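All remarks here apply to the structure that follows.
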2 protein chains.
Amino acid sequence: MTEQRTARSGSSRGDVRHGRADVVRHALRVLDSYGLESLTMRRLAAELAVQPSALYHHFPHKQALLAAVAEAILADREPPASGGWDDEVRAICADLRAALLTYRDGAEVVATTWSFGLGARGPYDALVARLARSHRDAALVDAAARTLLHFVFGHVVAEQTHVQAAAAGAVDTDAETLLRGTGAAYDLGVTLIIDGLHARADSGSAIRR
Amino acid sequence: MTEQRTARSGSSRGDVRHGRADVVRHALRVLDSYGLESLTMRRLAAELAVQPSALYHHFPHKQALLAAVAEAILADREPPASGGWDDEVRAICADLRAALLTYRDGAEVVATTWSFGLGARGPYDALVARLARSHRDAALVDAAARTLLHFVFGHVVAEQTHVQAAAAGAVDTDAETLLRGTGAAYDLGVTLIIDGLHARADSGSAIRR
DNA sequence: ACCTGAACACCGTTCAAGT
DNA sequence: ACCTGAACACCGTTCAAGT
């Protein structure tokens, strides 16, 4: 991914040519600064000082752009420290939440991309891979991974929605909001599902592999 | 809610006047026939043979219309048969899924309304009310209700997305899809969370109240 | 490989005015 | 109470053409 840059002919001017990675980087900037509702093809084009139609050289449609943005949000996460399956699953979920919170509306972008089957499969694959080593029932592994993801996406989307509503002054910063902000409710939700899995563990208890 | 009807002056014509309930009924029809993406203010207005601006007499903005549609989707559900808290929670979730599946894209409409705090609180309230009678920890009850709802909404949104993708021919009707269609994966997800709750039940085991 | 210019077919919302 | 007509400020996408 070493960006070979642009503006190579010496004719001066601010008329830079943009590569795909360039477009994604600007999209992340617009997303984080103004939110998903402001991340339009026309607005992004304006930010790049380019016609809207120029973006269709890089992406066939907006959802493809959004998928690339989702992958960027999920990129460069460290693998969880190895331990019992429950701790590793917990770590994958915590890391996912951290990635989603990195950018404004990050959860919505990643959740949409995943649910449309256009990418962002990393977290699902990581969960399935880990759970398959501790639980033999493939249907259970699939259901558990999806249940965890539905919870994480739903929870973090709500978190980010409330942060935004609070920033707009529409909502008070009360105790409940503060508590949820610490991630306590998040941990409780993940724990509930993991405990459910414990109730039907069919393999090793806490040893790795 | 007895609709007193319209067209009372005898001057003939198809220029019917519409009440709020009338608008919601037509919105449900458009939603179920063409999907949420086609449920636009302009399209709905055309269906009612009215100018788009006329809709703003009934609703301050589109989200308010959608909230009314969400409430209509959730309306008239029967209360669950009484039993142990786990069976009743299971029944509330099953009934919610059934309601969401009644209309095309029903899950998306209800989930959005709930997450924006604009309505559709019925399922949350029902879950909290039932769980509060069997679990003393209010934070746990809240987290459990939200975890269940995040799962149900996420799952049914995915179900309806896949149905639509399959109908468009973009996806094969393979074994996995068929299995999920039966609701087996849904039951597994709900069971996982309920089992997690069992692991920290602090009250009676199976007796009502 | 990357971009322009112009068009097409739409959106949600506001507002003054009408009955 | 319910609606019209017209406007404002936008959307995503396509396409022929340019460098």
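In the text below, chain A, chain B and the rest are named by the order of the sequence lines, each starting its count at 1. Values in this document were obtained by computation on a predicted structure and should not be read as measured data.
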Need to verify one output field. Residue with the more 5' nearest nucleotide on DNA chain C, A/Arg42 or B/Pro52?
A/Arg42

Under the 6.0 Å and 45° cation-pi test, does B/Arg20 pair with B/Phe59?
no

Closest nucleotide among [options] to the [X] side chain:
| X | options | result |
| --- | --- | --- |
| A/Ser53 | C/dA1, D/dT14, C/dT13 | D/dT14 |
| A/Arg43 | D/dC3, C/dC15, D/dC11 | D/dC11 |
| A/His58 | D/dT4, C/dT4, C/dC2 | C/dC2 |
| A/Ala54 | C/dC3, C/dG18, D/dC15 | C/dC3 |
| A/His57 | C/dC3, C/dT19, C/dG5 | C/dC3 |

Could you state the [atom1]-[atom2] distance from [X] to [N], rounded to the nearest angstrom?
| X | N | atom1 | atom2 | result |
| --- | --- | --- | --- | --- |
| A/Arg20 | C/dA1 | CZ | C1' | 14 Å |
| A/Met41 | C/dC11 | CE | P | 19 Å |
| B/Tyr56 | D/dC8 | OH | C1' | 13 Å |
| B/Glu37 | D/dC11 | CD | C1' | 14 Å |
| A/Asp22 | C/dC2 | CG | P | 10 Å |
| A/Leu39 | D/dC10 | CG | C1' | 15 Å |
| A/Leu55 | C/dA1 | CG | C1' | 15 Å |
| B/Lys62 | D/dC11 | NZ | P | 16 Å |

Hey, what's the ring geometry for B/His18 with B/His26, parallel, tilted or perpendicular (30° and 60° as the breaks)?
perpendicular

Would you check if B/Met41 and B/Tyr56 make a side-chain contact, meaning some heavy-atom pair closer than 4.5 Å?
yes

Is there a Watson-Crick or G-U wobble partner for D/dA6 with both distances under 3.5 Å, and which nucleotide is it?
C/dT14

Pair assignment for C/dA1, Watson-Crick or G-U wobble, requiring both distances under 3.5 Å:
D/dT19

Verify the contact: side-chain N or O of A/Gln51 to OP1 or OP2 of C/dG5, cut-off strictly under 4.0 Å; return yes or no.
yes

Check the phosphate of C/dC11 against B/Thr40, side-chain N and O only, distance under 4.0 Å to OP1 or OP2. Yes or no?
yes

For the P atoms, the ones on D/dA17 and on C/dC2, what distance do you get once it is rounded to whole angstrom?
22 Å

Determine the interatomic distance between C1' on C/dC10 and the same-named atom on D/dA9; round to the nearest Å.
14 Å

Side chains of B/Arg104 and B/Ser33: do they bring a donor and an acceptor to under 3.5 Å?
no

I'd like to know if the side chain of A/Asp105 pairs up with that of A/Tyr34 as donor and acceptor (distance under 3.5 Å, no hydrogens or angles considered).
no

